[in-house]
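Numbers here are sequence positions counted from 1.
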Amino acid sequence: MLEALRTQDAGETAITPIAATPPAATPATAPESASPDLSALDLAAVEAAVRRAAADEIMPRFRQLAAEEIVEKSGPHDLVTVADRLAEEHLTASLTALLPGSRVVGEEAVHADPGVLDALHGDAPVWIVDPVDGTRQFVHGDPGFCTLVALAHRGEVLASWTYAPALGLMAIARRGAGARLNGVPLQAGSPSAGAVLDVATSHYDFTDDDQKRVLAALDTGGIAPRPCGSAGLEYLHIARGEIDATAFSWENAWDHAAGLLLVHEAGGASGTVAGQPFRIEGGNALPFTAARDAETARRILGLLAAAN
């Protein structure tokens, strides 16, 4: 079984609504196949693989990109670079070598073949990879980008790595065992009583009119919403107690799996406007939130649900 990484009872997903820790699993309706044994997985080797991919493929190209190394995907704000592609290839090879039989769901692989997402519904352990989260920042020479890796099994995120190489930050979370930043334990804490809440929301360049309308519900007394940068770094800001919450209207697993586990293991909470856990497999009621504590999450979700 996955006992090496499951230090408490399995949750029905990695993330639970309005709670600090994941719930007990919902009983399966059919017998499960035997889980792969992860007891021999070297978590330090995973961290080393993430660092190595960044050192080999990302940082040598930071502020060194040629115009032809930057490509638009769905539009002018949705960019991919040679660094994204090569880093994902690097991580795909190294991570599957560390865990034979595992699969990889990477942002660029899914863009090329949406069928790659099917691995999130399978029995094999899955590495969820965003090679450069915050590609726009990376392209513009802004250090606010990161590499995101999460290890999941049957919808449950077991561990995650958030690495901001240009900032020298490595945050690691392990299910039921807490979160650390550069080796120091993380605690999100709670906002001060009466304080204005700092909330990062989906960037207006990536939202449609209806999403903008719902998110505008947060532009109210006691809340200071602002467009998000790198989603992975916004989750780290919550885990560090530097901002209070997020409100996101998209659900790509590679953007959220690592950060949601990080926030939960730092004592935070999350949930969707339907009052359900966020499912990394998709099909979530949106928007959803992650927050420093359950009270803050309830407040954000209440406003969003009323406008939804």
- Query: Are Arg240 and Glu242 close enough, and set up right, to give a salt bridge (charged side-chain N to carboxylate O under 4.0 Å, His left out), and what steps lead you there?
  - Reply: CA-CA 5 Å; Arg240 300 178 77 176; Glu242 295 174 339; 3.4 Å; yes
- Query: Is the closest side-chain heavy-atom distance between Leu260 and Phe278 below 4.5 Å?
  - Reply: yes
- Ser160 side, atom OG; Leu148 side, atom CG - distance, nearest 0.5 Å: 8.5 Å
- Task: Show your working on side-chain contact (heavy atoms from CB on, under 4.5 Å) between Glu108 and Val80 and close with a plain yes or no.
- Result: CA-CA 8 Å; Glu108 305 314 323; Val80 64; 3.3 Å; yes
- Query: What is the distance from atom CG of Asp130 to atom CG of Asn252, rounded to the nearest 0.5 Å?
  - Reply: 8.5 Å
- Item | Pair Arg226 + Glu234, salt bridge at N-O below 4.0 Å | yes
- Message: Using a 3.5 Å distance criterion without hydrogens, assess whether the side chain of Glu107 forms a donor-acceptor pair with backbone atoms of Pro131.
- Response: no
- Identify whether Leu169 and Val149 are in the same connected component of the hydrophobic contact network (ILVMFWY, side-chain heavy atoms under 4.5 Å). no
- Message: Test of understanding: with side-chain hydrogen bond (donor to acceptor under 3.5 Å, both in side chains), list the residues that count as partners of Asp133, not counting sequence neighbours.
- Response: Ser230
- Message: To the nearest 0.5 Å, what is the distance between CD on Glu265 and CZ on Arg174?
- Response: 10.0 Å
- For residues Thr296 and Pro191, determine if any side-chain heavy atom of one lies less than 4.5 Å from a side-chain heavy atom of the other. yes
- Under the side-chain contact (heavy atoms from CB on, under 4.5 Å) rule, what do Trp127 and Val46 come out as? Steps first, then yes or no, please. CA-CA 11 Å; Trp127 300 100; Val46 178; 3.7 Å; yes
- Pair Phe248 + Tyr235: ring centers closer than 6.0 Å: yes
- Query: Linking Ile, Leu, Val, Met, Phe, Trp and Tyr by side-chain heavy atoms under 4.5 Å, what else ends up with Tyr204?
  - Reply: none
- Task: Provide the closest heavy-atom pair for Pro165 versus Cys146 in the form atom of the first, atom of the second, distance.
- Result: CD-CA, 4.5 Å
- Would you name the heavy atoms of Ala247 and Ile300 that are closest together and state the gap between them? CB-CG2, 4.5 Å
- Task: Give the intermediate values and the outcome of side-chain contact (heavy atoms from CB on, under 4.5 Å) for residues Thr81 and Glu69.
- Result: CA-CA 5 Å; Thr81 75; Glu69 294 178 318; 5.5 Å; no
- Query: Taking Arg154 for the side chain and Asp123 for the main chain, is one N or O donor matched with an acceptor at less than 3.5 Å?
  - Reply: no
- Is there a side-chain contact between Thr246 and Val199, using heavy atoms and a 4.5 Å cut-off? no
- Message: Please check: side-chain N/O of Asp113 versus main-chain N/O of Gly115, any donor-acceptor pairing under 3.5 Å?
- Response: yes
- Whether Asp244 side chain and Asp198 backbone form a donor-acceptor pair below 3.5 Å: yes
- Note on the structure: dist Ser192:OG -> Leu197:CG (nearest 0.5 Å) comes out at 10.5 Å
- Query: Considering all heavy atoms of both residues, which atom of Leu151 and which atom of Pro125 are nearest to each other, and what is their separation?
  - Reply: CD1-CB, 4.2 Å
- Item | Donor-acceptor under 3.5 Å (Arg175 side chain, Ala159 main chain) | no
- Task: Any chance you could measure Thr147, atom OG1, to Phe138, atom CZ, to the nearest 0.5 Å?
- Result: 9.0 Å
- Task: Heavy atoms only: give me the nearest Thr207-Lys212 pair and the separation to one decimal.
- Result: O-NZ, 2.5 Å
- Item | Stepwise side-chain contact (heavy atoms from CB on, under 4.5 Å) check, Tyr163 with Glu47 | CA-CA 9 Å; Tyr163 182 41; Glu47 177 184 347; over 6 Å; no
- Message: Please tell me whether Leu186 and Val50 are part of a single hydrophobic cluster in this structure, the criterion being side-chain heavy atoms less than 4.5 Å apart.
- Response: no
- Measure the shortest side-chain to side-chain distance between Leu303 and Ile223 over non-hydrogen atoms and say whether it is less than 4.5 angstrom. yes
- When you look at Arg61 and Glu57, which way does the salt bridge (charged side-chain N to carboxylate O under 4.0 Å, His left out) test go after all the steps? CA-CA 7 Å; Arg61 297 175 171 88; Glu57 309 295 355; 3.3 Å; yes
- To the nearest 0.5 angstrom, please state how far the CD1 atom of Ile58 sits from the CZ atom of Arg52. 13.0 Å
- Message: Checking side-chain polar atoms at under 3.5 Å, does Asp84 have a donor or acceptor matched by the opposite partner on Thr135?
- Response: yes
- So, do Arg85 and Val82 sit near enough that their side-chain heavy atoms are less than 4.5 Å apart? no
- Message: If I compare all heavy atoms of Ala239 with all of Leu262, which pair ends up nearest, and what's the gap?
- Response: CB-CG, 4.0 Å
- Just do the salt bridge (charged side-chain N to carboxylate O under 4.0 Å, His left out) check on Arg136 and Asp142 with the steps written out, would you? CA-CA 8 Å; Arg136 183 158 65 171; Asp142 183 333; over 6 Å; no
- Minimum side-chain heavy-atom gap Val104-Val126 below 4.5 Å: no
- Transitively linked via ILVMFWY side-chain contacts under 4.5 Å: Val110 with Val157? yes
- Does one hydrophobic cluster hold both Leu181 and Leu233, with members joined at side-chain heavy-atom distances below 4.5 Å? yes
- Hydrophobic cluster membership, Trp254 vs Leu236, 4.5 Å side-chain cutoff: no
- Task: Compare all side-chain heavy atoms of Gln211 with those of Trp250 and state whether any distance is below 4.5 angstrom.
- Result: no
- Item | Closest approach of Arg213 to Ala307 (non-hydrogen atoms, all atoms of both residues) | NH1-O, 2.6 Å
- Side-chain (Asp56) to main-chain (Ala87) donor-acceptor, under 3.5 angstrom: no
- Heavy-atom side-chain contact between Ser249 and Leu215 under 4.5 Å: yes
- Item | Neighbour count above 12 (heavy atom, 6.0 Å) for Arg103 CZ | no
